[in-house]
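Chain letters run A, B, ... following the sequence lines, proteins first and then strands; every chain starts at 1. Heavy-atom basis, side chains included; hydrogens, waters and symmetry copies ignored.
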Amino acid sequence: MERSNFIKTIIKNDLENGKHDTIITRYPPEPNGYIHIGHAMGFINQYYLAKDFGGYTNLRFDDTNPVAEDTEYVEGIIEDFKWLGLKWKNLLFASDYFEEMYNRAILLIKKGKAYVCDLSIDEIREYRGDITTPGKNSPYRNRSVEENLDLFERMKNGELKEGEKVLRAKIDMASPNMNLRDPLLYRILYAHHHRTGDKWCIYPMYDYAHSIEDAIEGITHSVCSLEFENHRPLYDWVVAECEMENVPRQIEYGRFNLTNTVMSKRLLRRLVEESKVLGWDDPRMPTIVGLRRRGFTPEAITNFVLDLGLSKKGGVTDYAMFEQYLRQDLKLKAPRPMAVINPLKVVITNYPEGKTEYVSGEWNQEAEEFGSREIPFSREIYIEREDFLEEKPNKKWKRLSIGLEVRLRHAYFIKCEEVIKDNDGNILELRCTYDKETKSGSGFDKRKPNGTIHWVDSSAIPAEFRLYDALILDGDGDFAERINPDSLKIVNGLVESSLSEIKHFDKFQFIRNGFFSVDPDTNLEEGKYVFNRIVPLKSTFKR
RNA sequence: AGGGCUAUGGCCAAGCGGUUAAGGCACUGGACUUUGACUCCAGGAUCGAUGGUUCGAAUCCAUCUAGCCCUGCCA
């Protein structure tokens, strides 16, 4: 709890002043789609806000619009939040309170604070006025309490058609805050609700429902994003006029965005529907299912969100910051085997044919508990094509070139003697010699190699590597025109044979290549190995 | 009669009248290195602008500028 933010300050004060003894927050997703990292940020913050102060959080589905919502989504959302390691005291639904909301609406009517309005949707819009001109009172605004009660009853009983009438709060048609111009409280909807079925045909609107939900649950701090700031007066109005016992305080924070991606359900849906990505769980998607498949861990996401902080300013955070949290998380957790993504064959001419020896390599030199494995080494090996240039381009070049000697990690120094090319000049293979004296671990220090490169031998397993890049390119303007056509590259390479028994979602740091996660497309029986690159390693290498 | 909100180095973000204005990411040097990784060291802002209050202001006041949100029977 070292890092402070304005909401923590508020909570701390409320605790010190004795306004509250326990802090209760809530996260209220609408079950109408998949959640993304922006939602995760919301819940993670609410969760730790309460937890850090000894309180708790409720997960409450805001299911007041049956037209858009579905049980399928609530299950998906729960699964995603569980995977993130989030915990909630109560799993609730706005629909749990429909009865209570209905009763409070009647109270409002009796107090003369709400009325049934017959205006059509277009008329309501017209009467509302606009930003600079005050609205006009609805001609139905002054109906008697008895008439309102009767009409509202008939709305509830299904005696009216959709759109025929609505229940409205009686506040102020001239308010500069549009939300206070007699906002709608209930509308008629003959839609099947995923939980209440056909029991109701009137459904409460967000502003009315949300306030009551929070109050019923005794939420102390109702945290939401900035766009609800203008709704706060209405939120407070509902809580007060409905005479709710608990008075929650709504606090708004700025949402965060990440560079090189999009964070809106609408846009994400478009990517899926227009087949710009393979689905909601495409590893390029910022959805939780996407990030998970890509290989991001709950710890990396949580630490990132917590360190990001919270403010009223929102903003766009560098994707690089997010990547760094993944590297930090996996640094000591992932074994570090060798994989060659773009193989170039190397024949070690002075190594005996048919011979295979085993060299020892620790799985992770920064985490000894991983131990080590024996890596087969033989006459034919493969190195990364990018690790060879015929001529050393500059003094900084720390890889292989003709006449140069490099260390094969965990094995021997090899020296490039000859390049074999086809008729078009493409490099087919390299002929090298090795020096038996230089074996790793032998303590050989007579010469310094030109660098250390990774390799695999001919027992390596063919594998598919999926390399991801920014989904959305930098720039302004329509995001559709900034979709990166090269956000996914699929290449075929090799991984060392010790990875034969991997499981889906296993994570590795392939030496010098980056962090990878085993994709669920992997099928060992079929010999199909698929690795997603989560993030590359940082590099100061410049050509 | 429009209202609400925001403004601290490239990006997040602490700071709440007296600090050499935290920290992370990014970037640039350098050390180390069997990953050009990791780790370690070094490097940058006077706080949107302008006035004012004060012995003293990023922190208080005024004005201005820029950006975001609000006119769904969505949430």
Once each nucleotide of nucleotides 22-39 of chain B is scored for protein heavy atoms under 4.0 Å, what B/S/- sequence comes out, 5' to 3'? -BBSS-S-----BBBBSS
B:C12 P sits how many Å from A:Met263 CE, rounded? 13 Å
Establish, yes or no, whether a centroid distance under 6.0 Å links the rings of A:Phe510 and A:Phe516. yes
Judged by atom type as modelled, is there a donor-acceptor pair below 3.5 Å linking the side chain of A:Arg181 to the main-chain atoms of A:Ser175? yes
It should be established whether A:Lys313 places a side-chain nitrogen or oxygen under 4.0 Å from OP1 or OP2 of nucleotide B:A13. yes
Under 4.0 angstrom, heavy atoms only, what part of the nucleic acid is A:His210 near: base, sugar-phosphate, or nothing? nothing
If we call it a pair only when both distances are under 3.5 Å in a Watson-Crick or G-U wobble match, what pairs with B:C40? B:G30
Under 3.5 Å, is there a donor on one side chain and an acceptor on the other for A:Asp130 and A:Thr133? yes
Is there a donor-acceptor contact under 3.5 Å from the side chain of A:Asn177 to the main chain of A:Asn230? yes
Categorize A:Asp207 for me: base, sugar-phosphate, or nothing, with a 4.0 angstrom heavy-atom threshold over every strand shown. nothing
Roughly, in whole Å, what's the span from NE2 in A:His193 to C1' in B:C74? 14 Å
Donor-acceptor pair, A:Ser222 side chain versus A:Arg249 backbone, under 3.5 Å? no
Please confirm whether the shortest side-chain N or O distance from A:Arg187 to OP1 or OP2 of B:C74 is below 4.0 Å. yes
Are A:Phe98 and A:His193 close enough that their ring centers fall under 6.0 Å? yes
Please classify the nucleic acid contact of A:Leu119 as base, sugar-phosphate, or nothing, using heavy-atom distances under 4.0 Å. base
Could you tell me whether the side chain of A:Arg409 and the main chain of A:Met338 form a donor-acceptor pair under 3.5 Å? no
Does a sphere of radius 6.0 Å around NZ in A:Lys333 hold more than 12 heavy atoms from other residues, nucleotides or ligands, not counting ones at 6.0 Å or beyond? yes
Same-atom distance (C1') from B:A57 to B:A1, integer angstrom: 35 Å
Take A:Ser311 and A:Glu69, find for each the nucleotide of RNA chain B with the closest heavy atom, and name the residue whose nucleotide sits nearer the 5' end. A:Ser311
May I ask you to say what A:Ala209 touches in the nucleic acid, namely base, sugar-phosphate or nothing, with a heavy-atom cut-off under 4.0 Å? nothing
Whom does B:G2 pair with, Watson-Crick or G-U wobble, provided both distances fall under 3.5 Å? B:C70
Just to confirm, is there a sub-4.0 Å distance from OP1 or OP2 of B:C68 to any side-chain nitrogen or oxygen of A:Lys312? no
Tell me the interatomic distance from A:Met173, atom CE, to B:C70, atom C1', rounded to whole angstroms. 15 Å
Across all strands, who's sitting opposite B:A75 as a Watson-Crick or G-U wobble pair, both distances under 3.5 Å? none
Using a cut-off of 4.0 Å on non-hydrogen atoms, how would the nucleic acid contact of A:Gly163 be classed: base, sugar-phosphate, or nothing? base
Does the A:Asn364 side chain pair with the main chain of A:Ala367, one donor and one acceptor, at a distance under 3.5 Å? yes
Give a yes or no on whether a salt bridge exists between A:Glu384 and A:Arg399, defined as a side-chain N under 4.0 angstrom from a carboxylate O. no
Taking the side chain of A:Met205 as its heavy atoms from C-beta onward, which of B:C70, B:C74, B:A14 lies nearest to it? B:C74
Base-pairing mate for B:A14 - Watson-Crick or G-U, with both contacts under 3.5 Å: none
Taking atom P in both B:G4 and B:G43, what distance in whole Å separates the two? 45 Å
Rounded to whole Å, OH of A:Tyr253 lies from C1' of B:A13 at a distance of 16 Å
Is B:G72 syn or anti, taking syn as a glycosidic angle within 90° of 0? syn
Comparing nearest nucleotides in RNA chain B, the 5'-proximal residue of the pair A:Phe6, A:Leu189 is A:Phe6
Provide the distance between the two P atoms, one in B:G51 and one in B:U39, to the nearest whole Å. 46 Å
Below 6.0 angstrom between ring centroids: does that apply to A:Tyr102 and A:Tyr186? no
Which value, in whole Å, describes the distance between the P atoms of nucleotides B:G44 and B:G10? 14 Å
Residue matched to B:A62 through Watson-Crick or wobble contacts both under 3.5 angstrom: B:U50
B:A45 and B:A7, which share atom name C1', separated by this distance in whole Å: 15 Å
With a non-hydrogen cut-off below 4.0 angstrom, is A:Val316 in contact with a base, only sugar-phosphate, or nothing? sugar-phosphate
If you compare every side-chain N and O of A:Thr64 against the phosphate oxygens of B:C74 (OP1, OP2), does one of them come in below 4.0 Å? no
Specify the separation, in whole Å, of atom OH of A:Tyr203 and atom C1' of B:A75. 16 Å
Considering only the C1' atoms, how many Å lie between B:U46 and B:U19, rounded to the nearest integer? 13 Å
For B:A58 and B:A22, measure between their C1' atoms and round to the nearest Å. 14 Å
Round to a whole Å and report the spacing from CD of A:Glu229 to P of B:C5. 7 Å
Whole angstrom is fine here: how far is it from CZ in A:Arg125 over to P in B:U71? 11 Å
For A:Arg128 and B:G72, is the shortest distance between a side-chain N/O and OP1 or OP2 below 4.0 Å? yes
Does A:Asn177 make a side-chain donor-acceptor contact with the base of B:C70, cut-off 3.5 Å? no
Just N and O in the side chain of A:Ser120: are any of them under 4.0 Å from OP1 or OP2 of B:C73? no
Nucleotide forming a Watson-Crick or wobble pair with B:U19, both distances under 3.5 Å: none
B:U35 - base-pair partner by Watson-Crick or wobble geometry, distances under 3.5 Å: none
Expressed in whole Å, how much space separates the P atoms belonging to B:G24 and B:G56? 35 Å
From CD1 of A:Ile131 across to P of B:C70 the rounded distance in Å is 9 Å
